[in-house]
Amino acid sequence: MAANSKSSISGSPSVSAQEALEFHSMGRPGKLEINPTKPMATQRDLSLAYSPGVAVPVLAIAEDPSRAFDYTTRGNMVAVISNGTAILGLGNLGALASKPVMEGKAVLFKRFADVDSIDLEVDTQDADEFINCVRYLGPSFGGINLEDIKAPQCFIIEQRLRELMDIPVFHDDQHGTAIIAAAGLINALHITGRDMKNTRLVCNGAGAAGIACIELVKAMGFSPENVILCDTKGVVYQGRTEGMNQWKSAHAAPTDARTLADAMDGADVVFGLSARGAFTNAMIQSMAKNPIIFAMANPDPEITPEEVAEIRTDAIMATGRSDYPNQVNNVLGFPYIFRGALDVRATTINDAMKVAAAQALADLARQDVPDDVAAAYQGNRPKFGPQYIIPVPFDPRLLSAIPVAVARAAMESGVAGRPILDLDKYAQELSARRDPIASTLQRIYDRVRRQPKRVVFTEGEEEQVMRAAVSYVNQKLGTAILVGRDEVIKENARNAGVDLDKPGIEIINARLSRKNAIYADYLYERLQRKGYLFRDAQRLINNDRNHFAACMVALGDADAMVTGVTRNYSTALEDVRRVIDARPGHRVIGASIVLARGRTVIVADTAVHDMPNAEQIADIAEEAAGFARRMGYEPRVAMLAYSTFGHPQGERSERVQEAVRLLDKRRVDFEYDGEMAADVALNAKVMQQYPFCRLSGPANVLVMPAFHSASISTKMLQELGGSTVIGPLLVGLNKPVQIVPLNAKDSDIVNMAAIAAYTAGA
């Protein structure tokens, strides 16, 4: 069993038995359902999905079996299979009792790596019967995840199925645990300055996970003579006969040590995959300087971090529990390993792929942690070091890091059936698979990388702004300029663990800037007939970073700016508008990008005009259409109302009708029509009821009749419809400026900075 990826209810004090039962029984019992991916609304749909249309792909696959990956779910489908002989820490409770666990594993595949999965419980404890059952299911799946099968039966089953099947067969309780532990070990060795070749490691526990761990560390470079395996009878040494089998014998060590205590004396590393209390204080005390202790038994580790802290202050610890740092959690591995294996149609998951996954995990833990991860852990931001050597499960970067490493290793080791030619593009596609924002923003990021820009991050003393600036530079988008007091920024950066000492990051103090007087003169010239004295302009430049940053952009000392973290949207916009005008012939609006169910729609105006008149609505339509084109979409603009083409009548609908007439006179070069209700604009079949409608298809730009309707609708889509909303984005200014919501996360700030940079010079 994967001792470190799961725990019984006793290991989770925050979860009661009743709560767990209610969770699994509420609504539709269980944790899975099946939804069709093709429409099933009409008789024609059914004819295509089943008879007679289904005969066509059947014949195609019969002619060429590889086409099953093109016409069926096989290429993204993994079976989670168990016989229930080693369920969690609960033992042999049978196949049926294992079903909740297997359903849970299937859910994790989908949640973390968008791998479709189904659980299969095989009601036999005979290894041959189990093997014969599973081997004939091969055509249904792209991979097999074996789970909760007792040792040594699990070794026999996995080995035979790997020989018999041409798809990956992976016993996660063995290899998943080993891969995550190996990732943590790589970083612990790095921190303590050790070399694998001469590091002594002891593994207590000779079950599935223990055997897999020592096999993997040896494959990574540990010397076999420096690795000692122990079980309940003591050290597995050369010449021992009691309690041995072929898997233990393969790792019998040439050593005089006979007990766990003997083996741990002077050891650098100890892996625990055994039971509570297996490591005593004396054993830990006898280990080498800066010992590495992975106590991975669940629900209770072999020794707790508190117990180790009482006797050693130099230890690095990992456990299988989420309430301690450095959790060895299998969910960091199996979804992403299968994702990479499926995408190259690997025939197996070999040692090279496992080592690559471990190294990618280790590398990820050394990178700065984004706000998304900190938010998932109640704002406790992990930082690489003894308390953070393994990434946390909710790190969104796992999906773009681990599968790429696995896919590359599969190709290099010759087990990939369909190589991926562009791994960078593959990484981008992986990000988009989980996060719909990624696909929309990717082309923006790509263009900015080709033409890097200098972006001012106005509120430079704020932690998330500093992190965003670092991310902007790390992603090769250009130069990040932080506005603020040097000493405050540097002190805050040190406290937050943010490294600002790198090329591409500049700090500017508005009061001390050599451009201070130039900016004050420029601002005074703009405001002198609006009731401002020169000293007022000077005070704004000295004390208000929005005015200072906007002057930098207006006078060409920076390409774009991003602000809004510390003040509300309307206030920030007023500050910027004192310095930067609308583009000649344009109107400043707010546009939001809404991504829902695979569709992208731009909504305007979501930020500026409260109750626009007909001329303003027409202007908003033009600005939104231009923005859509810059984002890569050919605009089809629908001007919305509560009515459709004159019914029912009303004053607000008349404004929209007049806006249409104004656009007619302007002879614009995009599709538009209105007034119409939202369902008419978005549903092609409903739109067909109005054959005179000018739109050639569902609208991708929605112009709202008022700011309040735009704001309400986008927020409702986000909260109730599960849509992703980017924005509001400022459109129509003469210089690129974007305003983020109050207290925005660093990832949101980077996205807005990239969008601002994208529009610089456009």
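Along the sequence shown, residues are numbered consecutively beginning with 1.
Counting only distance, with no hydrogens or angles, the side chain of S223 and the backbone of E225 share no donor-acceptor pair below 3.5 Å. Without hydrogens or angle criteria, S82 side chain to E147 main chain gives a donor-acceptor distance under 3.5 Å. In this structure a side-chain-to-backbone donor-acceptor pair under 3.5 Å is present from D268 to R200. At least one donor-acceptor pair closer than 3.5 Å links the side chain of E158 to the backbone N or O of H171. Panel note: side chain K31, backbone P100; a donor-acceptor pair is recorded below 3.5 Å. At distances below 3.5 Å, at least one donor-acceptor pair connects side-chain atoms of Q327 with backbone N or O atoms of G320. Here the side chain of Q238 pairs no donor or acceptor atom with the backbone of T255 at under 3.5 angstrom. S117 places a side-chain N or O within donor-acceptor distance of the main-chain N or O of V78, the cut-off being under 3.5 Å. Judged by distance alone, with hydrogens and angles left aside, the side-chain atoms of E307 form a donor-acceptor pair with the main-chain N or O of T304 at under 3.5 Å.
For the pair I81/F130, a side-chain contact is recorded, criterion being any heavy-atom separation below 4.5 Å from C-beta on. Side-chain contact between L398 and P391 is present, with at least one heavy-atom pair separated by less than 4.5 Å. Looking at L108 and F334, their side chains come closer than 4.5 Å, going by heavy atoms from C-beta outward. In this structure, the side chains of V415 and M353 come closer than 4.5 Å at one or more pairs of heavy atoms. Counting only heavy atoms from C-beta outward, the side chains of L361 and Y336 never approach each other to under 4.5 Å. Side chains of V115 and P335 form no contact here, defined as non-hydrogen atoms less than 4.5 Å apart. Contact of the V134 side chain with the V169 side chain is not registered, since no non-hydrogen atoms from C-beta on lie closer than 4.5 Å. Proximity of T319 to N326: side-chain heavy atoms (C-beta onward) are nowhere separated by under 4.5 Å.
Legend: residues meeting side-chain hydrogen bond (donor to acceptor under 3.5 Å, both in side chains) with R74, ordered by chain and number and at least two apart, are absent. In this view, K233 and E242 satisfy the salt bridge (Lys or Arg N to Asp or Glu O under 4.0 Å) rule, not counting sequence neighbours.
H175 and F170 have tilted rings, their planes meeting at an angle from 30° to 60° on a 0 to 90° scale. In this structure, F271 and F294 have parallel ring planes: the angle between them is below the 30° cut-off, well short of the 60° mark.
Counted within 6.0 Å of CZ on R276, heavy atoms from surrounding residues, nucleotides or ligands total 12 or fewer; the atom is thus considered open. Within a 6.0 Å radius of CG in N132, other residues, nucleotides and ligands contribute more than 12 heavy atoms.
In this structure, the separation between CD on E310 and CG on N281 is 7.5 Å, given to the nearest 0.5 Å. Atom CG of L399 and atom CZ of F112 lie 11.0 Å apart (nearest 0.5 Å). To the nearest 0.5 angstrom, L161 atom CG is 11.5 Å from I156 atom CD1. In this structure, CD1 on I228 lies 10.5 Å from CD1 on I214, to the nearest 0.5 angstrom. Expressed to the nearest 0.5 Å, how far CD1 of I390 lies from CD1 of I180 amounts to 7.5 Å. Separating the OH atom in Y324 from the CD atom in E306 is a distance of 3.5 Å, to the nearest 0.5 Å.
Electrostatic pairing of D114 and R339 does not count as a salt bridge here, judged by no charged N lying under 4.0 Å from a carboxylate O. Remark: D148 does not engage K99 in a salt bridge, criterion side-chain N to carboxylate O under 4.0 Å. Under a 4.0 Å N-O distance rule, the pair R321/D300 qualifies as a salt bridge.
Identified under the side-chain hydrogen bond (donor to acceptor under 3.5 Å, both in side chains) test for residues 355-366, with sequence neighbours left out: N187-R366, Q359-D363.
No hydrogens or angles considered: nothing links the side chains of H24 and E103 as a donor-acceptor pair under 3.5 Å. Of the N and O atoms on the side chains of N83 and T85, at least one donor lies less than 3.5 Å from an acceptor on the other residue. No hydrogens or angles considered: a donor-acceptor pair under 3.5 Å links the side chains of T259 and D262.
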Going through the checks in order, is the side-chain contact (heavy atoms from CB on, under 4.5 Å) test met by V227 and H251?
CA-CA 8 Å; V227 179; H251 301 289; over 6 Å; no

Steps toward side-chain contact (heavy atoms from CB on, under 4.5 Å) verdict (E121, L96)
CA-CA 7 Å; E121 291 72 38; L96 185 59; over 6 Å; no

Pair L201, F222 - check side-chain contact (heavy atoms from CB on, under 4.5 Å), show working.
CA-CA 9 Å; L201 182 147; F222 271 75; 4.0 Å; yes

Audit row: Q246, F155, side-chain contact (heavy atoms from CB on, under 4.5 Å) steps and yes/no
CA-CA 10 Å; Q246 66 187 79; F155 302 124; over 6 Å; no

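Closest of all the heavy-atom pairs between A401 and A360 is O-CB, 4.3 Å. Closest of all the heavy-atom pairs between S98 and G84 is CB-CA, 3.8 Å. Listed here is the closest heavy atom pair of L260 and C230: CD1-SG, 4.0 Å. Listed here is the closest heavy atom pair of G243 and D231: O-OD2, 4.2 Å. Across all non-hydrogen atoms, the minimal contact from G138 to I167 is O-CD1, 4.0 Å. Listed here is the closest heavy atom pair of Y426 and A407: CE2-CB, 4.1 Å.
Exactly one residue among V269, V217, N226 makes a side-chain contact (heavy atoms from CB on, under 4.5 Å) with T199. That residue is V269. For the salt bridge (charged side-chain N to carboxylate O under 4.0 Å, His left out) with K105, the lone residue among D172, D119, D173 that qualifies is D172. Of the candidates N290, I284, I293, I284 is the only one forming a side-chain contact (heavy atoms from CB on, under 4.5 Å) with R312.
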